[in-house]
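Structure first, commentary second.
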Amino acid sequence: MSPQIVSASPRALAQAAAVLSNGGLVAIPTETVYGLAANAFDARAVARIYEAKRRPFFDPLIVHIGSARDLGLVAASIPKVARRLIDELWPGPLTLVLPKAERLPSIVTSGLATVAVRFPSHPVALELIRRVEVPLAAPSANTFGRLSPTRAAHVADDLGDAVDLIVDGGSTKHGVESTIIDVSTDTPTILRHGAISAEVLRSLIGPVAERTHSTSQPEAPGQLSSHYAPRIPLHLVDGGAVVIGENDAYLAFSHHPEDGGWGLVEVLSPSGDLREAASRLFDVLHVLERSDVSAIYAELVPDEGIGRAINDRLRRAASGAPQE
Ligand code: TXA
Ligand code: MG
């Protein structure tokens with residue numbers, strides 16, 4: 001059975017708010033990707049998120065607030081660097097890791113002493129949070145280990161009736177997830193590259209460390225290597241020779257490959273615009289997954305700005321970790 005998809009009208013938002021108030025799960029559009037939301041203060045509802053996503057309980061969720069003033073509901077303290085980022089970049093696709101407020105159920109943070117918080121800019125997400133009058137815990141609305149959804153239909157196809165309601169807000173603007181920065185320690189550290197670039201963060205707060213992703217290290221929050229695995233094998237084309245397969249797809253950044261013979265070619269941004277490429281990335285991967293190609297050969301994009309987030313997702317997809 002498919003869950004109900006409703007377009008974001010005032011009536012639908014009232015319905016969604018009622019579902020959330022009663023401990024239900026609602027998929028909501030944000031400016032990055034769709035989220036699977038529950039009342040962050042309802043531990044049973046939050047447990048249902050993990051079940052619906054088949055996500056391990058040790059992988060914590062992001063809490064979404066509807067105003068910067070509500071930060072005090074979920075975070076115990078706000079370091080000075082965080083203030084600057086909040087003033088400049090919220091609402092928007094930046095998630096801050098801060099010391100957790102005692103009263104937030106520990107299932108939201110997988111027992112960690114920190115909480116990841118985001119103040120989204122999407123009008124539908126904001127309107128809903130404001131109607132429910134509680135922060136919403138919301139990971140990306142996909143099964144653990146699968147592609148993040150950038151359209152309501154992606155959520156319906158993937159999660160089915162594990163979700164009570166899907167609010168359709170069209171396709172998402174950025175197309176990759178928020179940037180996560182840990183500001184709970186002495187040196188602010190980027191835990192996940194995303195829609196806000198490292199360059200922008202450094203211009204605002206100075207030195208910022210980066211936690212590098214490794215497939216051999218024990219898995220830590222934000223670093224699970226199977227996170228963006230598509231259903232068909234993805235290989236990176238890194239300058240080396242590749243064997244062109246007529247059953248294979250080629251995923252290019254801005255130019256069609258010179259060699260013909262690929263079964264399917266997708267160009268992320270013919271004008272070479274990294275923002276456009278990011279906004280189309282998951283959408284194109286969803287399309288390729290549904291096509292009958294047997295493998296995807298993908299180019300990396302320029303490693304700057306939001307291009308870092310794109311390359312990070314492509315590398316993770318190529319790491320071939322087993323899907324959950
Ligand atoms: O753009 C986004 O951030 C989307 C939309 C829906 O807001 N959400 C999203 O959530 O991408 P999710 O659950 O797919 O990714 C959240 C990441 C996970 O990798 C998790 O490990 C990390 O945030 N995380 C959550 N709490 C954390 C914490 N206290 N410390 C470190 N990492 C944390
Ligand atoms: Mg996710």
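In listed order, ligands and their atoms are each counted from 1.
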Six-ring centre of F41, R103 cation under 6.0 angstrom, axis tolerance 45°: yes
Close approach of H64 to ligand 1, heavy atoms, under 4.0 angstrom: yes
Atoms of ligand 1, numbered as shown, that sit under 4.0 Å from any heavy atom of T114: 28 (C), 29 (N), 30 (N)
Option of least heavy-atom distance to atom 15 (O) of ligand 1 (set: R192, E177, R211): R192
Residue from I28, I129, L128 passing side-chain contact (heavy atoms from CB on, under 4.5 Å) with P120: I129
Short N/O/S contact of S148 with the Mg ion (ligand 2) (below 2.8 Å): no
Subset of ligand 1 atoms that lie under 4.0 Å from at least one heavy atom of L112: 28 (C), 29 (N), 30 (N)
Residue D292 excluded, over 12 heavy atoms near CG under 6.0 Å: no
Whether K100 lies under 4.0 Å from ligand 1, heavy atom: no
Numbered atoms and elements of ligand 1 in range of L61, under 4.0 angstrom, heavy atoms: 25 (C), 26 (N)
Per-atom contacts of ligand 1 with G35, taking only distances under 4.0 Å to non-hydrogen atoms: 6 (C)
For D42, side chain to side chain donor-acceptor pair (under 3.5 Å) partners two or more places apart: none
Test item: R308 side-chain N/O and S197 main-chain N/O as donor-acceptor pair under 3.5 Å: no
Member of D186, L85, L98 meeting the side-chain contact (heavy atoms from CB on, under 4.5 Å) criterion with P79: L98
Ligand-residue contact atoms, ligand 1 with I62, heavy atoms, under 4.0 Å: 3 (O), 8 (N), 9 (C), 10 (O), 16 (C)
Residue L191 vicinity, atoms of ligand 1 by number, heavy atom under 4.0 Å: 31 (C), 32 (N)
Ligand-side contact atoms (ligand 1) for residue partner T32, heavy atom cut-off under 4.0 Å: 1 (O), 2 (C), 4 (C), 5 (C)
Flag side-chain contact, heavy atom, 4.5 Å: T32 against R118: yes
Proximity of R55 to ligand 1 by residue part, where a heavy atom lies under 4.0 Å: side chain
Side chain, backbone, both or neither: T109 near ligand 1, heavy atoms under 4.0 Å: neither
Joint cluster assignment, L136 & L96, ILVMFWY side-chain distance < 4.5 Å: no
Apart from I244 itself, residues in the same hydrophobic cluster as defined by side-chain heavy atoms under 4.5 Å: V237, V242, Y250, W262, V265, V267, Y297
